[in-house]
Amino acid sequence: MNKIRTLYVCDACGARSPKWAGQCPDCGAWNTLVESRAPEKPARGRLPRTDHQAQIRPLPEVHGENTPRISTGLAELDRVLGGGLVAGSVTLIGGDPGIGKSTLLLQAAANLADVRSVLYVTGEESPEQVGLRAQRLSVAQQPLQLAAETCIERMLETAETLKPAVLVVDSIQTVYTEILQSAPGSVAQLRESTGLLVRFAKSRGTAVLLVGHVTKEGAIAGPRVLEHMVDTVLYFENDAGSRYRVIRAVKNRFGAANELGVFAMTETGLKEVKNPSAIFLSRHAEPVSGSAITVIREGSRPMLIEVQALVDESPLANPRRVAVGLDANRLSMLLAVLHRHAGIAMFDRDVFVNVVGGLRLSETAADLPILMAALSSFRDQPLPNDLVLFGEVGLAGEIRPIYNGEERLREAAKHGFKHAMVPKGNAPRGGLDGLQITQVSRLSEALQAVQTG
Ligand code: TYD
Ligand code: MG
């Protein structure tokens with residue numbers, strides 16, 4: 001029998017060495033050598049002979065536009081996947097422990113089992129535990145194949161005989177290959193087992209779903225190697241303590257990235273939230289200071305959310321700037337613009353800004369509402385209850401238009417908003433029924449408009 005050799009490869013430069021060392025002898029990087037499998041030695045002299053050539057097909061003859069999609073029965077998950085699972089694709093779902101990854105996948109797998117063969121491999125829980133959860137989710141009678149297995153070779157052998165259309169592995173960190181000595185969850189193990197699963201998915205047309213844990217730093221454990229290897233990476237996340245869960249595509253070879261799906265965790269599993277604007281918006285009965293409503297766009301849909309700010313006298317020499325759900329640098333920049341172009345200084349105040357519902361804002365469209373919320377709290381003057389605003393604020397004090405303005409305004413009108421403050425150029429030509437639109441192009445205009453309006 002051939003003895004399988006292992007060697008150590010530097011993560012940074014790719015240099016190989018037969019022994020482990022703390023520092024890569026080639027590039028000098030520290031702690032980058034990871035165990036991996038040595039390639040089999042080719043025959044000496046010439047290239048190894050094979051009977052096959054690589055297959056060549058002219059591009060126009062390759063049809064990819066109608067990739068058939070397998071619906072998971074959960075519309076919010078299908079949306080994030082770009083319309084459903086694709087045969088032969090590998091999807092990684094990351095998230096903190098206890099967020100509901102196993103619940104989501106068990107629900108999806110149970111739905112899929114109605115029409116396809118599904119193999120659910122559990123490495124973290126016993127089949128009994130999965131059975132209990134299935135009862136709780138009322139899917140215990142679904143024709144789902146369950147296996148408790150962590151050895152990748154045995155897992156693939158089972159899959160080879162069962163030929164499932166969908167294979168779920170919960171979780172990839174528990175899987176190991178017999179070839180390597182390192183512990184399950186180590187980079188080498190992750191890379192090797194994921195590689196085998198990817199090869200299996202591509203060659204058999206099985207859609208593979210992997211659960212991945214998230215490290216303290218917030219990345220999927222296994223230094224990004226996994227994210228490169230798979231087709232789709234989804235993150236399942238939530239606001240601490242909230243029952244809402246947001247699933248987000250950070251990479252998708254079969255659909256748009258940044259697409260968002262929303263679920264609520266209930267006693268009997270995850271329920272889809274079809275109208276997320278309704279939950280991220282905590283409508284106050286009375287106008288309160290420090291609150292501004294804006295419309296963000298996540299993936300392909302607009303969503304109404306509330307931005308809250310609290311500006312208070314600070315007892316500290318260095319007043320705090322706390323941003324939850326947005327970039328703290330952006331907040332500092334906006335406060336500087338407010339000082340320079342409107343003469344409003346908050347040097348001696350603590351400024352806290354929070355995005356309601358645990359969402360994370362990455363759009364510049366939220367600049368104007370963030371500023372207005374801070375200003376509203378600073379002056380203790382509420383903004384009107386039925387006002388929605390968006391717009392990018394530039395360093396010169398200008399308010400710049402953003403994309404998809406009209407669509408955002410329609411979403412606001414749909415939810416009963418009566419006033420909108422938007423950058424010049426973002427309002428539809430003919431206006432919108434039931435929505436009074438104020439267009440602003442400078443910060444000073446915006447401030448004037450809220451004072452008189
Ligand atoms: P789980 O899917 O086990 O999380 P993960 O696989 O991401 O670690 O979900 C665990 C949490 O969800 C647990 O705290 C209990 C809760 N839960 C519900 O609230 N309702 C349910 O129907 C189920 C199955 C779980
Ligand atoms: Mg789990």
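All of these numbers come straight from a predicted model, not from anything done at the bench. Only this structure's heavy atoms are used, side chains among them; waters, hydrogens and symmetry mates stay out. Counting from 1, the numbers follow the sequence of the chain as shown. Ligands are counted one by one from 1 in listed order, and the atoms in each one are counted from 1 as well.
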K.L.:
Check whether NZ of the Lys or CZ of the Arg Arg243 lies under 6.0 Å from the centre of the six-membered ring of Phe263 and within 45 degrees of that ring's axis.
P.N.:
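No.
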K.L.:
Identify, for atom 6 (O) of ligand 1, the protein heavy atom at the shortest distance, and state residue, atom and that distance.
P.N.:
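Answer for atom 6 (O) of ligand 1: Ser102 OG, 2.6 Å.
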K.L.:
Please list the nearest protein heavy atom to atom 4 (O) of ligand 1 with its residue and the distance rounded to 0.1 Å.
P.N.:
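Heavy-atom neighbour on the protein nearest atom 4 (O) of ligand 1: Gly100 N, 3.1 Å.
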K.L.:
With a 4.0 Å cut-off, would you call Glu76 and Lys274 a salt bridge?
P.N.:
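No, this pair does not count.
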K.L.:
Is atom 13 (C) of ligand 1 less than 4.0 angstrom from at least one protein heavy atom?
P.N.:
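False for atom 13 (C) of ligand 1.
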K.L.:
Considering only NZ, NE, NH1 and NH2 on the basic side and carboxylate oxygens on the acidic side, decide whether Arg253 and Asp231 come within less than 4.0 Å.
P.N.:
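Counted as a salt bridge, because a side-chain N and a carboxylate O are separated by less than 4.0 Å.
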K.L.:
Do other residues, nucleotides or ligands put more than 12 heavy atoms under 6.0 Å from the CG atom of Leu132?
P.N.:
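Counting other residues, nucleotides and ligands, CG of Leu132 exceeds 12 neighbours.
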K.L.:
At what distance is the nearest protein heavy atom to atom 19 (O) of ligand 1, and which residue and atom is it?
P.N.:
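So the nearest neighbour among protein heavy atoms is Met265 CG, 3.4 Å.
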K.L.:
Hey, are Glu160 and Arg154 close enough for a salt bridge, meaning a charged N less than 4.0 Å from a carboxylate O?
P.N.:
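So Glu160 does not pair with Arg154 through a salt bridge.
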K.L.:
Should one rank Glu125, Glu124, Lys101, Arg136 by closest heavy-atom distance to atom 23 (C) of ligand 1, which comes out on top?
P.N.:
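Minimum heavy-atom distance to atom 23 (C) of ligand 1 goes to Arg136.
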K.L.:
Heavy-atom distances under 4.0 Å are what count here, so tell me which part of Leu270 touches ligand 1: side chain, backbone, both or neither.
P.N.:
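For Leu270, no heavy atom sits under 4.0 Å from ligand 1.
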K.L.:
Among protein heavy atoms, which sits nearest to atom 8 (O) of ligand 1, and what does the distance come to when rounded to 0.1 Å?
P.N.:
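It is Gly98 N, 2.7 Å.
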K.L.:
Tell me the protein heavy atom at minimum distance from atom 22 (O) of ligand 1, and give that distance in Å.
P.N.:
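Ranking protein heavy atoms by distance from atom 22 (O) of ligand 1, first comes Gly269 N, 2.7 Å.
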K.L.:
Under 2.8 Å from the Mg ion (ligand 2), is there any N, O or S atom belonging to Ser171?
P.N.:
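Under 2.8 Å: Ser171 has no N, O or S contact with the Mg ion (ligand 2).
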K.L.:
For atom 2 (O) of ligand 1, what's the nearest protein heavy-atom neighbour? Residue, atom name and distance, please.
P.N.:
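Minimum-distance protein heavy atom for atom 2 (O) of ligand 1 reads Thr103 OG1, 2.6 Å.
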K.L.:
Could you tell me which atoms of ligand 1, counted from 1 in the order shown, lie closer than 4.0 angstrom to a heavy atom of Thr268?
P.N.:
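So the answer, numbered in order with elements, is 22 (O).
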K.L.:
If we ignore angles and hydrogens, is there a donor and acceptor under 3.5 Å between the side chains of Thr122 and Asp170?
P.N.:
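No, Asp170 and Thr122 have no side-chain donor paired with an acceptor closer than 3.5 Å.
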K.L.:
Counting heavy atoms only, which part of Pro97 comes closer than 4.0 Å to ligand 1: side chain, backbone, both or neither?
P.N.:
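Near ligand 1, Pro97 shows its backbone, while the atoms from C-beta on stay back.
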K.L.:
Only heavy atoms of Glu267, strictly under 4.0 Å: list the atoms of ligand 1 that pass.
P.N.:
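Within the 4.0 Å cut-off of Glu267, ligand 1 contributes 20 (N), 21 (C), 22 (O).
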K.L.:
Are Tyr235 and Val233 close enough that some pair of their side-chain heavy atoms sits under 4.5 Å apart?
P.N.:
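With C-beta onward as the side chain, the pair touches.
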K.L.:
Give a yes or no on whether a salt bridge exists between Arg248 and Glu259, defined as a side-chain N under 4.0 angstrom from a carboxylate O.
P.N.:
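No, Arg248 and Glu259 are not salt-bridged.
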K.L.:
Identify the closest protein heavy atom to atom 3 (O) of ligand 1: which residue and atom is it, and at what distance?
P.N.:
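Protein heavy atom with the smallest distance to atom 3 (O) of ligand 1: Arg133 NH2, 2.9 Å.
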K.L.:
Residue-level breakdown please: for Thr266 versus ligand 1, do any non-hydrogen atoms fall below 4.0 Å on the side chain, on the backbone, on both, or on neither?
P.N.:
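For Thr266, only backbone atoms sit under 4.0 Å from ligand 1.
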K.L.:
Which pair of non-hydrogen atoms, one from Leu92 and one from Val230, has the smallest distance, and what is that distance?
P.N.:
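Reported closest heavy-atom pair: CB-CG2, 4.0 Å.
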K.L.:
To the nearest 0.5 Å, what is the distance between CD on Gln189 and OG1 on Thr150?
P.N.:
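Atom-to-atom, Gln189:CD and Thr150:OG1 are 10.0 Å apart.
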